[in-house]
Amino acid sequence: MLEFRNVSVSCQRTPILNDISVSFRAGEITAVIGPNGCGKTSLLQCLNGVSKVTAGTVLLNGRNYLSIPLRERARNVAFLPQVRTIIPAIPVKTLVEHGRFPYLGFARKKSEKDVAIVERAMELAHVTQYANQSVDTLSGGMRQRVFFAMTLAQDCDYIVLDEPTTYLDLSGQRDFFSMIRELKHRGKTVILVLHDLNQAIRIADTLVIMDRLAPSPGVSKAENAARGFGRIAGVGAPEECLKLHLIDDVFDTSWKRFSDPEGDYYFFQ
Amino acid sequence: MKNHRFFTICLLLFLLLCSVFLGILFGSVTVRPSDVFAALAGKNTGSTAWVLITTVRVPRVLGGLFAGIGLACAGVILQTVMNNSLASPNTIGVNSGSGFAVMLSMLFFPANSPALPLFAFLGALLTTLAIYLLAALSDSSRTTIILAGITVSSFLSAGINTVKLLDTDITINLTSFMIGSLSGLTAAKLILPCAGIAAAFLVSLLFAKPLNMLGLGDDIARSLGLHVAPTRFALLVLSSVLAGCVVSYAGLLSFIGLIVPHICRRLFGNDARILLPASALLGGSFVILCDLLGRVLFSPFELPAGILMSFIGGPFFLYLLLKRKGGRRVNA
């Protein structure tokens with residue numbers, strides 16, 4: 001279980017979140033949803049140290065996560081950031097192999113086990129056939145798969161993906177979600193930031209709904225800023241969240257349900 | 001793929017050996033190949049050729065070799081750390097910073113004092129950090145960083161000229177220093193800087209994997225467990241040792257730190273584990289050959305190696321500037 005307890009988060013010295021408590025259960029798929037600017041990314045970036053935890057604790061299976069050395073963290077939690085500032089001009093296989101970095105020392109060379117894990121990661125992400133192609137020559141969707149393969153090569157029990165479907169077309173998204181289900185089947189814990197509510201409801205065992213924090217009227221501007229920009233509006237199984245109208249409130253939307261033998265579909269407007 | 005790389009590396013090694021041999025063989029006075037082999041084998045024949053080879057030619061060729069290694073590897077490191085294909089010790093002003101520090105140190109110390117390489121290193125480090133912080137804090141575009149580097153460079157060059165003009169006792173040929181030259185090198189002058197370059201080169205090979213990680217961008221490198229800030233600082237220090245040591249004895253050699261990494265990226269891709277040694281081989285050959293050309297082209301007159309490098313490097317830099325539009329495509 002990955003647990004955030006009374007956590008306050010700052011990004012480049014700006015307080016983003018204040019006193020947040022939420023936990024992610026092991027072996028489940030959890031989707032984090034919420035409007036833009038509510039701090040979803042900032043919350044998860046505590047995991048790779050890009051945003052700073054200024055108060056509270058993060059526990060990984062009961063252990064103080066923030067005191068774990070970076071390299072060991074990267075062997076337990078694989079985090080794929082959302083934005084690609086750099087598209088490296090290196091072969092796909094080399095990039096995926098970089099996923100093994102947390103396991104390799106200065107001198108230790110990759111073993112047969114590393115090679116096998118890299119191959120399996122590329123197979124699961126369906127990028128084996130592009131192994132020798134340079135990453136910067138691939139389409140956006142394919143690049144996303146390659147980075148996903150790199151994250152899989154980290155071979156962690158916890159996989160955290162920030163808006164993984166952004167660059168994917170429809171069939172790409174379908175493939176992606178079947179990969180995510182496969183990961184769950186293999187016992188992995190998956191945490192996703194998603195924008196498509198339908199996808200979130202269909203894939204997730206648990207939804208974490210975040211909302212922007214409205215500034216309180218009676219308080220000074222500085223105090224408002226110190227309170228941060230977001231809060232947890234609710235946590236629960238998708239069915240529950242829908243029933244309690246949590247999603248409606250946060251996204252200022254209403255929904256209709258359609259059912260057929262294959263399941264339920266939701267239409268948000 | 002692997003075989004092809006291995007073959008190319010062997011070719012570069014062969015090129016370097018040829019350059020070393022030719023660099024010793026030719027000059028204003030041409031010696032016989034047998035003299036070169038005898039001297040390299042350590043046989044003291046006591047002849048004029050032997051004296052010429054051991055006291056003039058060998059230090060010169062070694063100086064060229066290490067200058068090439070130092071600047072080319074500094075270029076590889078700077079390009080990756082700054083994620084800027086146009087970065088190199090010359091283009092971001094590191095050479096000038098180092099040169100200015102050398103000039104300042106000459107006010108207080110004799111010309112072959114061990115303080116020189118130290119000052120050169122500190123000058124290089126300060127300039128590197130200044131430009132890096134400028135790039136990181138202002139979030140400027142890559143071309144802006146290069147423009148800032150060129151501005152800093154010309155500012156510091158003015159400083160170099162001022163020091164030289166105000167203190168006429170400084171025993172240095174300003175023209176050769178500003179353009180970069182290997183003439184008049186002695187073994188005594190070389191020992192400390194070359195040891196520094198060799199050490200920094202070996203350490204940078206150990207840092208090849210972390211360098212590759214940095215090439216993926218900060219957030220991904222961090223997610224993979226790299227301590228980004230300390231690693232980057234260590235690499236910037238390494239590149240400053242490499243560039244500073246070269247400047248301390250060869251002056252402001254330009255373009256080598258830009259051209260050589262680019263050619264090697266074309267040949268081998270962007271993996272630092274192969275890019276660093278390959279750039280070292282090609283860089284060494286390139287400087288030795290430029291120096292050799294400068295010596296024989298208008299013999300008995302001698303052109304400093306830096307002039308030939310600028311003749312070749314200037315157009316190449318323009319080509320890069322136009323083709324890559326500020327280096328957006330690069331790279332790691």
Side-chain angles (χ1 to χ4, degrees), chain A residues 12 41 44-51 68-91 93-110 131-137 146-147 150-151 153-154 156 159-162, chain B residues 1-2 4-5 76 79-85 135-137 139 141-142 202-231 234 261-262 264-275 324 327-332:
Chain A
Q12 289 168 342
T41 296
L44 294 177
Q45 271 177 348
C46 298
L47 298 172
N48 71 347
V50 170
S51 44
I68 302 175
L70 278 187
R71 227 169 236 237
E72 200 185 331
R73 284 192 208 176
R75 296 195 287 258
N76 287 294
V77 177
F79 181 93
L80 183 61
Q82 171 194 358
V83 186
R84 306 269 170 280
T85 42
I86 300 172
I87 305 299
I90 54 176
K93 193 169 178 211
T94 312
L95 180 68
V96 179
E97 277 169 354
H98 284 336
R100 299 305 294 162
F101 179 74
Y103 296 87
L104 304 174
F106 262 105
R108 223 204 93 192
K109 291 187 78 178
K110 59 181 181 211
N132 293 321
Q133 221 165 309
S134 184
V135 178
D136 62 339
T137 61
V146 173
F147 277 100
M150 181 192 79
T151 308
Q154 272 179 265
C156 297
I159 298 168
V160 184
L161 306 168
D162 194 354
Chain B
M1 184 81 178
K2 283 262 150 69
H4 161 79
R5 275 184 182 179
V76 170
Q79 283 166 13
T80 311
V81 170
M82 303 186 87
N83 181 35
N84 189 333
S85 64
L137 297 179
D139 208 19
S141 81
R142 282 161 202 169
L202 293 177
V203 177
S204 73
L205 290 181
L206 286 178
F207 270 92
K209 238 184 280 173
L211 189 61
N212 282 338
M213 292 299 123
L214 279 183
L216 300 177
D218 283 9
D219 42 2
I220 289 194
R222 217 184 294 260
S223 304
L224 289 169
L226 185 77
H227 289 271
V228 169
T231 308
H262 269 280
C264 290
R265 281 181 204 278
R266 282 273 164 83
L267 290 174
F268 300 101
N270 287 314
D271 187 344
R273 283 172 296 180
I274 188 153
L275 198 54
R324 298 239 168 157
R328 226 177 294 144
R329 261 198 68 216
V330 160
N331 111 34

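Here is how names work: the chains are called A, B, and so on, in the same order as the sequence lines, proteins then strands, and each is numbered from 1.
Taking CZ from B:Arg222 and CD from A:Gln45, the interatomic distance works out to 9.0 Å, rounded to the nearest 0.5 Å. Here the OG1-CG distance, from A:Thr151 to B:Leu224, works out to 7.5 Å after rounding to the nearest 0.5 Å. Distance check, rounded to the nearest 0.5 Å: CG of B:Asn212 to CD1 of A:Ile90 gives 7.0 Å. To the nearest 0.5 angstrom, A:Arg71 atom CZ is 7.5 Å from B:His227 atom NE2.
When all heavy atoms are compared, the tightest approach of A:Pro81 to B:Asp219 is CB-OD2, 3.7 Å. Contact between A:Asn48 and B:Ser223 at its shortest, heavy atoms only, is ND2-OG, 2.8 Å. Of all heavy-atom pairs spanning B:Leu226 and A:Phe101, the tightest one is CD1-CZ, 3.6 Å. Nearest heavy-atom pair across B:Gly215 and A:Ile86 is O-CG2, 3.5 Å.
Taking the side chain as every heavy atom from C-beta outward, B:Ile220 and A:Met150 approach each other to under 4.5 Å.
For the set A:Glu72, A:Gln154, A:Arg100, A:Arg73, the count of heavy-atom pairs under 4.5 angstrom toward chain B peaks at A:Gln154.
Of the possible donor and acceptor atoms, one in the side chain of B:Asn270 sits under 3.5 Å from a partner among the backbone N and O of A:Ala89.
Looking at A:Leu95, only its side chain comes within 4.5 Å of chain B, counting heavy atoms on both sides.
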